[in-house]
Asks: 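Attaching a single structure in structure tokens format; questions to follow.
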Amino acid sequence: MISISVQIEDFDVGREYRQLQAGNTEVGGIAVFTGLVRDLADNPLAAMQLEHYPGMTEASLQQTAAQATARWPLIDIRIVHRIGKLTPGEQIVFVGVSSAHRAAAFGACEFIMDVLKTSAPFWKKELHRDGRGHWVEAKDSDQQRAERWNNED
Amino acid sequence: MISISVQIEDFDVGREYRQLQAGNTEVGGIAVFTGLVRDLADNPLAAMQLEHYPGMTEASLQQTAAQATARWPLIDIRIVHRIGKLTPGEQIVFVGVSSAHRAAAFGACEFIMDVLKTSAPFWKKELHRDGRGHWVEAKDSDQQRAERWNNED
Amino acid sequence: MKILFFGSLREQLGTGELELPLPDGVNNIGDLLTELKQRDAQWQQSLGTGTLLCAVNQVMAGEAAAINDGDEVALFPPVTGG
Amino acid sequence: MKILFFGSLREQLGTGELELPLPDGVNNIGDLLTELKQRDAQWQQSLGTGTLLCAVNQVMAGEAAAINDGDEVALFPPVTGG
């Protein structure tokens, strides 16, 4: 089962994890990733502002999860991505995948993060303590990580 | 910081995760894996009995975590592995890794699981509902997954 | 048709959304970009970066993608979520 | 010296631990295995599988690893944790 949320509210990793575990004795492994707002030593961050494209963002995440399901034998996928103004240390994104096998859980979790980073319509703006703002630029390294999945299996 | 526990008691993923998050604003990503006792459709499991080599097991896990730290820029590593008699659906192992960067967190978490599977002195015995027991055999696929890390970076 | 702008592009243009009839002679995304760039120097510059992405009815599309009057077109810089 | 057995090997041999003086002529793990296999047909079979792993003082070691009287030697099948 695929479950996607794009929300302002924080998420509870313990709670999300328990949903994936959920008394299904076919689950052999659960891989979870969370991304957090990291502070910047050289230019302290007051907050990170996240915006998205309502409708398309959810559809994009759903499609990425469906691609993962086609590629690996998975049981459940849960994606939560926050929007709005987040301060350093706050959680941004949760990706959790359950499977009978650990290689599938790991592969799918990392695949979803890599594709999300380069395909899901979200945009981040750093709001610095000196009052200035700076739109985060897309990284070549993220593009390269996402493209790995077109080659290897 | 590296923290290792080998214990009979269950662990709480939410609690372990919060320790990794722990208000450190240098953390950009946390990767977590849990392994669970999976039931077997063709031969239902009453329980999985896990034994270890006290002292060497902890040292082996510590060494694997240290290898991960040498290989990736990590902040914290937490490994919990249970022993004793576990029933289907119960948690066996927790590996959590925090880092500034997601690729490091993912890589280290999967590395630790792969090496743990082939190096940490634990032995599993399936106790079936028909009263018979069966020692789990090591899998070639696990060996191959662990050996990947000798080649790729 | 509806045209949406996101991220730094929205900020540069000072608007997140335009509602307008499909302009004469505009058949695809490329035509629409050419049309919008006429507006002023800011639009010319912001829409001319060469890195912009585009979606038609919430599906990623290239400059050759056909558009019709009822469509929702979105223009935005490379994404940076996660 | 102390010799520990784990997993299926412990079960087959019916013991998890032996305490004995270092036998005469035993200098390394290979020698010790040869000595232990003399005990009976079960030991002969269980220690002769070719897949056994060995640790000396809790560090993995091969058959050529030297052993001394105070050592803790462990013999066990391939590990299956996680």
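Just so it is clear: chains get the letters A, B, ... in the order the sequence lines come, proteins before strands, and each one is counted from 1. FYI, side chains are in, hydrogens and waters are out, and symmetry mates aren't considered; it's all heavy atoms of this structure.
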Asks: Counting only heavy atoms not in B/Glu137, do more than 12 sit closer than 6.0 Å to its CD atom?
Replies: no
Asks: Which one, A/Gly14, A/Gly29, A/Gly35, leads in non-hydrogen pairs under 4.5 Å with chain B?
Replies: A/Gly29
Asks: Would you mind checking which part of A/Asn24 comes under 4.5 Å of any heavy atom in chain B, side chain (CB onward), backbone (N, CA, C, O), both or neither?
Replies: neither
Asks: Ignoring hydrogens and angles, state whether a donor on the side chain of B/Gln91 or A/Tyr17 is under 3.5 Å from an acceptor on the partner side chain.
Replies: yes
Asks: Looking at every non-hydrogen atom in both residues, tell me the closest pair between B/Gly89 and A/Gln21 and how far apart they are.
Replies: O-NE2, 3.4 Å
Asks: Examine whether an atom of A/Val95 lies under 4.5 Å from a heavy atom of chain B, and if so say whether it belongs to the side chain, the backbone or both; otherwise answer neither.
Replies: neither
Asks: Search all heavy atoms of A/Phe33 against all heavy atoms of B/Ala105 and return the closest pair with its distance.
Replies: CE1-CB, 4.5 Å
Asks: Between A/Gly28, A/Ala31, A/Gly96, who has the most heavy-atom pairs with chain B when the cutoff is under 4.5 Å?
Replies: A/Gly28
Asks: Given a strict heavy-atom distance threshold of 4.5 Å, which part of A/Arg145 is in contact with chain B: side chain, backbone, both, or neither?
Replies: side chain
Asks: Select, from A/Glu16, A/Lys117, A/Glu110, the one with the greatest count of heavy-atom pairs under 4.5 Å involving chain B.
Replies: A/Glu110
Asks: Given heavy-atom pairs under 4.5 angstrom as the criterion, report whether the side chain, backbone, both or neither of A/Ala22 touches chain B.
Replies: neither
Asks: Kindly write out the residues that satisfy salt bridge (charged side-chain N to carboxylate O under 4.0 Å, His left out) with B/Arg129, not counting sequence neighbours, or none if the list is empty.
Replies: B/Asp39
Asks: Tell me if the CD atom of A/Gln7 is crowded by more than 12 foreign heavy atoms within 6.0 Å.
Replies: yes
Asks: Tell me which of these, B/Ser141, B/Ser98, B/Pro88, B/Ala100, has more heavy-atom pairs under 4.5 Å with chain A than the rest.
Replies: B/Ala100
Asks: Might you point out which heavy atoms bring B/Val27 and A/Leu36 nearest each other, and give the distance in Å?
Replies: O-CB, 3.6 Å
Asks: Measuring heavy-atom distances to chain A, does B/Arg102 have an atom under 4.5 Å in its side chain, in its backbone, in both, or in neither?
Replies: both
Asks: Looking at every heavy atom in both B/Glu26 and A/Arg38, which two are closest together, and how far apart are they?
Replies: O-CD, 3.1 Å
